[in-house]
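Worksheet: the structure to be examined is printed underneath.
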Protein chains: 2
Amino acid sequence: MRILLIEDERQLADALSVALRKHGIVTDHTMHLADAIELTHQNVYDAILLDRRLPDGEGLTFIPELRRTGADTPIIVLTARNEPMERVEGLNVGADDYMGKPFLVEELMARLRAVLRRPASLAELHLTAGRMLIDPLHLSVTVDTIPLDLPRRELLVLAALAKRKDKTVLRSTLEAAVYNYEEEIQSNALDAHISRLRKRLLDAGAGVAIHNIRGVGYLLKEE
Amino acid sequence: MRILLIEDERQLADALSVALRKHGIVTDHTMHLADAIELTHQNVYDAILLDRRLPDGEGLTFIPELRRTGADTPIIVLTARNEPMERVEGLNVGADDYMGKPFLVEELMARLRAVLRRPASLAELHLTAGRMLIDPLHLSVTVDTIPLDLPRRELLVLAALAKRKDKTVLRSTLEAAVYNYEEEIQSNALDAHISRLRKRLLDAGAGVAIHNIRGVGYLLKEE
DNA sequence: TCACCAAGATTGCAGCAGCATTGCGGAGCT
DNA sequence: AGCTCCGCAATGCTGCTGCAATCTTGGTGA
């Protein structure tokens with residue numbers, strides 16, 4: 001873990017560096033805004049600690065400057081300027097957090113952790129098949145990023161097949177995927193769905209084919 | 001944008017709901033921890049505001065409980081318990097930010113924006129679609145830099161659609177984005193919003209179209 | 001190999017659930 | 001007070017979907 005500390009009070013900066021090192025954090029330190037931008041180009045930081053009052057200007061100006069380069073590095077502003085409106089100002093230009101001096105190192109660490117916490121990758125329930133990306137949770141299908149809208153029942157059939165891509169899916173399984181126990185079907189409705197679905201997938205160039213296994217069920221195969 | 005407010009002071013809660021509403025945020029409110037967990041299971045929130053002193057316990061216990069379910073929803077703790085060590089405590093159990101009472105609503109908004117902007121968050125700072133630039137945090141929409149002002153609810157619908165541009169958004173998701181659980185709708189209010197929104201987008205030449213996917217939901221597509 | 005037939009594929013059709021539109025009136029804001 | 005927003009409901013429309021009729025396919029047995 002590596003962070004950039006932009007701070008002109010040498011004593012505080014040194015104390016912080018030591019404290020952070022105890023937490024296994026590598027700290028780069030500069031006193032000047034001009035150097036700061038340069039440093040962010042040369043290194044990838046996990047976070048940036050930023051003072052407002054600096055020898056060469058207001059520290060906050062650094063934030064939009066950095067954001068414009070596309071970096072979303074978390075920034076925590078550390079400053080004596082801690083009036084409510086000043087905090088709002090800091091957060092609104094893109095800071096991720098704002099701490100008034102003086103502060104406990106423990107609190108800084110806690111806020112650092114808060115800012116750095118990344119989401120555990122949410123269960124990615126995305127299915128792919130051919131050129132399609134299927135999101136059964138949101139009921140959406142895209143072919144090469146072009147959205148493909150399918151009627152509800154056809155979509156359910158497709159999702160059920162894609163979930164077991166390259167494996168046969170029993171006819172009864174498909175029926176269960178599309179109809180609840182209240183909806184009985186006494187016809188070849190499922191076959192009709194398959195047929196219409198095939199046509200739509202073909203038209204969209206989805207890169208898949210639905211094969212039939214006689215007397216058993218169906219199978220989705222990539223081409 | 002939808003948030004959950006866990007707060008037992010009714011007066012503060014009401015005031016916050018109103019204030020947040022003015023910023024286009026839909027607020028669900030509960031006074032009890034037990035209900036809170038239930039609500040997070042039933043809805044997807046963009047953020048959670050959490051009081052510490054609650055009738056049925058210490059609010060902080062809610063945080064690990066929520067995290068254990070895999071949710072990484074940003075949490076801001078709002079409390080009178082604002083000693084440095086108490087703040088550390090809050091942040092260390094997984095809060096994303098910590099604010100002492102009393103506070104300015106402006107600062108809360110600023111911190112909300114900061115928290116939602118974090119890479120961990122799903123919320124985007126700016127959404128683009130067609131010729132539009134949408135800033136859901138500031139409730140502004142521009143078409144080729146010309147501001148377009150939309151009624152609150154239409155804007156919520158648009159933002160929800162734009163966030164998942166080119167993907168279907170379930171009807172229920174849209175309803176959740178626009179209404180909190182207290183506001184029941186027994187009509188086609190959502191359809192009406194869609195209809196009016198379409199007309200406005202057309203008049204403004206926004207370069208997008210809202211498609212319907214029968215029985216599923218809607219989809220925002222660029223032209 | 002060929003005929004036979006059951007299983008599957010396709011497609012027109014009608015019914016209807018779901019959607020679009022719009023006027024109205026109440027509520028809320030300035 | 002005047003305005004916009006917004007929920008509601010009436011109306012009309014669209015296209016999904018179940019059904020059935022018809023055609024095609026592929027497995028089976030003599």
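All chains are named by letter (A, B, ...) in the order of the sequence lines, taking the proteins before the strands, and each is independently numbered beginning at 1. Here the structure is a predicted model, which is why all the values come from computation and not from measurement.
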Rounded off to whole Å, could you give me the [atom1]-to-[atom2] distance for the [X] and [N] pair?
X        : N      : atom1 : atom2 : answer
A:Glu175 : D:dG18 : CD    : C1'   : 13 Å
A:Ile210 : C:dA7  : CD1   : C1'   : 17 Å
A:Asp149 : D:dC16 : CG    : P     : 9 Å
A:Leu197 : D:dC16 : CG    : P     : 13 Å
B:Asp191 : D:dC6  : CG    : P     : 16 Å
B:Ile213 : D:dT17 : CD1   : P     : 13 Å
A:Glu154 : D:dG15 : CD    : C1'   : 11 Å
A:Arg196 : C:dT11 : CZ    : C1'   : 8 Å

Legend entry - Note: B:Asp149-B:Arg200 ion pair, threshold 4.0 Å (strictly below):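 Answer for the salt bridge query: no.
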Legend entry - Residues B:Arg67 and B:Asp96 bridged, charged N to O under 4.0 Å: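 A salt bridge is present here (some side-chain N lies under 4.0 Å from a carboxylate O).
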Any [X] side-chain N or O less than 4.0 Å from OP1/OP2 of [N]:
X        : N      : answer
B:Arg171 : C:dC19 : yes
A:Tyr218 : C:dA9  : yes
B:His193 : D:dG7  : yes
B:Arg198 : C:dA20 : yes
A:Arg214 : C:dG8  : no
B:Arg153 : D:dG7  : yes
A:Tyr179 : D:dT17 : no

Legend entry - 5'-most by nearest nucleotide on DNA chain D - A:Pro151 or B:Leu190: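 Residue closer to the 5' terminus by nearest nucleotide: B:Leu190.
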Which nucleotide wins on minimum distance to the side chain of [X], given the candidates [options]?
X        : options               : result
A:Ser195 : D:dC6, D:dG18, C:dT10 : C:dT10
A:Asn212 : D:dG26, C:dA9, C:dC19 : C:dA9
B:Asn188 : D:dG7, C:dT21, C:dA9  : C:dT21

Legend entry - Other residues, nucleotides, ligands: >12 heavy atoms within 6.0 Å of A:Lys221 NZ: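 Not buried by this count: 12 neighbours or fewer within 6.0 Å.
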Legend entry - From B:Ile76, B:Ile3, B:Leu66, residue fulfilling side chain to side chain contact (heavy atoms under 4.5 Å, CB included) relative to B:Ile48: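 Passing option: B:Leu66.
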Legend entry - Least distance between heavy atoms, B:Asp46 atom then B:Pro74 atom: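 Taking every non-hydrogen atom into account, O-CD, 3.3 Å.
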